[in-house]
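Every number for a ligand or one of its atoms is a count from 1 in the order of the listing. By convention here, the first residue in the shown sequence is residue 1.
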Amino acid sequence: MKGVLLAGGTGSRLRPITHTGPKQLVPVANKPVIQYAIEDLREAGISEIGVVLGNKGREAIQSFLGDGSDFGVDITYIVQGRPLGLAHAVGCAESFVDGDDFVVYLGDNMLKRGIVDVVDGFRAGEFDAGIALQEVDNPTQFGIADVDEDGRVTRLIEKPDDPPSNLALIGIYVFTPRIFDAIEAIKPSWRGELEITDAIQHLLDDGGAIDSQVVEGWWKDTGKPEDVLEANRLVLEGLEATRAGSIDADAKVEGRVDLAESSQIESGAVVRGPVSIAENTTVETGTYVGPYTAIGANSTIRNAHIENSVVVGETEITTSGRIIDSLIGRGAAIGSAEGKLPEGRRLVVGENSQLEL
Ligand code: G1P
């Protein structure tokens, strides 16, 4: 079985972070989202992975994943070019798949429990496809499946106005090569995209058997800033405290703190886990880093108060203001205007930014 990891999309809901990089490289607990998908595929015994790239952030994804050897997998890159929908992206992988069964994993989705159960469920029967589902509160915003008592799918519909159930497709699919004929047969949806949901419905209409697995443990589509923060919180919840870096004698470090070897927490700083601090980062005196915060590499935090936030990295935060529930992009500098006249906040704010002051 092969893996097809979809890493296209514009990341419009994560702007401005995604102006300079693809959404799949946004870090959750200091690890890019896409790496979680690679690890889930590998855990399911899948090491031949085709990564389908869009136009955005192609080089960045390739330079991060390389040939896959750093992650114990073998990666082939496939360029989708125009963003014509998930089904189109899957169709681009046809020659890579080369007649095998394969798992499709949306590269901005994360699952606590991985994909082993979904793959095993598909393998246990004679199915033409398998889908992973989870109950959601807002079924109009997802692909939705109707399922009978035996878990057999009876109907699929993309972002329904009148949802037949609240079981959402969570971006993990298992396919046989039959899906490629279905992709050929479907027409673009109202949003102008070839929907993978419609392709699976076509397979069903054609007499195909579709397995479904309702997955346990959390699942997150990290498309929006609040989802990234929530995923970060969920991953940090299970964090191991390594504390490999240096902690000054009168720094106060409480709870589970993952501190990279080259990083330090200076005296007079307070860090209350769960917190992850990546390489070459200094938490200086007068700083409070509160629960559910991940601070990326090569950053300095001085005199600041930050919690429940993701700091991507190469960042300097020296404001004395409180930073909460924030997603702070690479290379950002957040200082303080105190003592300067006229008083007020001095901002350089990117297009489509969201600030709450
Ligand atoms: C896509 C799929 C949808 C699925 C969702 C999961 O939606 O079209 O069926 O439920 O991913 O994250 P999109 O993110 O393109 O709106």
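Here Lys31 pairs with Glu39 in a salt bridge; the nearest charged N to carboxylate O distance falls below 4.0 Å. Using a 4.0 Å cut-off between charged side-chain N and carboxylate O, Lys159 and Glu195 make no salt bridge. Ion pairing of Glu230 with Arg233 is present here, as a side-chain N (NZ or NE/NH1/NH2) and a carboxylate O approach within less than 4.0 Å.
Proximity of Lys159 to ligand 1, defined as any heavy-atom pair under 4.0 Å, is confined to the side chain (atoms from C-beta onward).
For the pair Arg13 and ligand 1, the shortest N or O to N or O distance does not fall below 3.5 Å. Considering backbone and side-chain atoms together, Arg191 places an N or O closer than 3.5 Å to an N or O of ligand 1. Where the criterion is an N or O separation shorter than 3.5 Å, residue side chain and backbone included, Gly143 meets it with respect to ligand 1. At least one N/O-N/O distance between Glu158 and ligand 1 falls below 3.5 Å.
Protein heavy atom in closest approach to atom 12 (O) of ligand 1: Asp221 OD2, 3.1 Å. Nearest protein heavy-atom contact of atom 10 (O) of ligand 1 is Leu169 O, 2.6 Å.
Using a 4.0 Å cut-off to heavy atoms of Leu106, the atoms of ligand 1 that qualify are 11 (O). Here is the list of ligand 1 atoms found below 4.0 Å of a heavy atom in Leu86: 1 (C), 2 (C), 8 (O). Set against the non-hydrogen atoms of Thr197, the atoms of ligand 1 under 4.0 Å away are 9 (O).
Closest of all the heavy-atom pairs between Phe175 and Ala129 is CD2-CB, 3.8 Å.
Judged purely by distance below 3.5 Å, without hydrogens or angles, the side chains of Gln141 and Asn138 pair a donor atom with an acceptor atom.
Aromatic pair Trp219/Tyr36: centroids not less than 6.0 angstrom apart. Between Phe180 and Phe102, the distance from one ring center to the other falls under 6.0 angstrom.
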